[in-house]
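Here is how names work: the chains are called A, B, and so on, in the same order as the sequence lines, proteins then strands, and each is numbered from 1.
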Amino acid sequence: DTAVSQTPKYLVTQMGNDKSIKCEQNLGHDTMYWYKQDSKKFLKIMFSYNNKELIINETVPNRFSPKSPDKAHLNLHINSLELGDSAVYFCASSPYSTGGTEAFFGQGTRLTVV
Amino acid sequence: AQTVTQSQPEMSVQEAETVTLSCTYDTSESDYYLFWYKQPPSRQMILVIRQEAYKQQNATENRFSVNFQKAAKSFSLKISDSQLGDAAMYFCAYRRNTGNQFYFGTGTSLTVIP
């Protein structure tokens with residue numbers, strides 16, 4: 001029973017295309033995140049939503065647009081893909097305000113832009 | 001702003017030996033939580049261990065233990081009796097007691113030598 005699931009696991013696409021990555025969590029958590037992990041394995045926060053409200057929006061090109069239709073889902077849409085967007089994108093969730101609980105991660109989506 | 005520093009990009013250990021991974025963090029908060037995550041080649045992020053800042057006792061999970069030095073803002077991970085399956089990237093993470101932002105270190109790549 002997967003706690004945080006994201007699809008697809010792998011995505012290969014050409015420059016200039018638009019693509020989406022979907023994420024769903026069945027843990028009842030209030031908060032969901034998108035992280036980008038680059039080739040050096042650095043994990044960088046991109047966005048965070050709490051109960052469908054955007055609360056963290058790091059310096060990310062506006063080609064990236066998150067959408068949270070409900071608190072169990074957080075999708076990431078990317079317009080006009082560039083070579084530099086190639087990375088692994090992780091969705092995660094956690095309860096809000098209970099600091100002791102860790103973030104639960106999806107299995108990641110490896111995006112390759114060619 | 002909180003920062004998390006892992007000063008060892010790579011470490012290696014002989015199978016069955018003990019290794020310690022370092023992590024330091026910067027915060028002005030007194031109440032917070034610290035985590036170690038493991039990322040094996042499968043890229044799944046797996047929680048290894050959690051430490052509450054208000055607890056003086058170091059957390060332990062089987063072969064994994066931490067040395068938490070609050071005054072020094074240090075949170076090292078000790079892996080005893082290292083196994084081949086311990087080979088992975090290890091990330092240190094910090095979370096305030098309130099709010100939902102996680103801060104990750106840059107990771108340490110651990111190699112286990114048979």
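Under the 4.5 Å side-chain criterion, counting only non-hydrogen atoms from C-beta, A/Lys41 is not in contact with B/Ser109.
Taking CD of B/Gln101 as the start and CD1 of A/Ile55 as the end, the distance is 8.5 Å to the nearest 0.5 Å.
Here the shortest heavy-atom pairing between A/Val88 and B/Arg43 reads CG1-CD, 3.8 Å. Nearest heavy atom pair, residue A/Leu43 against residue B/Met45, reads CD1-CE, 3.5 Å.
Proximity to chain A (any heavy atom under 4.5 Å) is restricted, for B/Gln39, to the side chain, taken from C-beta onward. Heavy-atom distances place the side chain of B/Phe91, and not its backbone, under 4.5 Å from chain A.
Between B/Phe102 and A/Tyr35, the distance from one ring center to the other does not fall under 6.0 angstrom.
Residues A/Leu83 and A/Leu111 are members of one and the same hydrophobic cluster, defined by side-chain heavy-atom contacts under 4.5 angstrom among Ile, Leu, Val, Met, Phe, Trp and Tyr. Taking hydrophobic clusters as Ile, Leu, Val, Met, Phe, Trp and Tyr residues chained together by side-chain heavy-atom distances below 4.5 Å, B/Val48 shares a cluster with B/Leu84. Cluster membership for A/Met46 and A/Val113, using ILVMFWY side-chain heavy atoms within less than 4.5 angstrom, is shared. A/Val12 and A/Met15 fall into different hydrophobic clusters, where Ile, Leu, Val, Met, Phe, Trp and Tyr side chains are chained together by heavy-atom contacts under 4.5 Å. Note on A/Ile45 and B/Tyr33: same hydrophobic cluster, where clusters join Ile, Leu, Val, Met, Phe, Trp and Tyr whose side-chain heavy atoms are under 4.5 Å apart, directly or indirectly.
The backbone N or O of A/Ala103 lies less than 3.5 Å from a partner atom in the side chain of B/Tyr37, making a donor-acceptor pair. Formation of a donor-acceptor pair under 3.5 Å by the B/Gln44 side chain with backbone atoms of A/Phe105 is found in this model.
Counting heavy atoms of neighbouring residues, nucleotides and ligands inside a 6.0 Å radius, atom CG of A/Asp70 exceeds 12 of them. Annotation: B/Lys70, atom NZ; neighbour count of heavy atoms from other residues, nucleotides and ligands within 6.0 Å is above 12.
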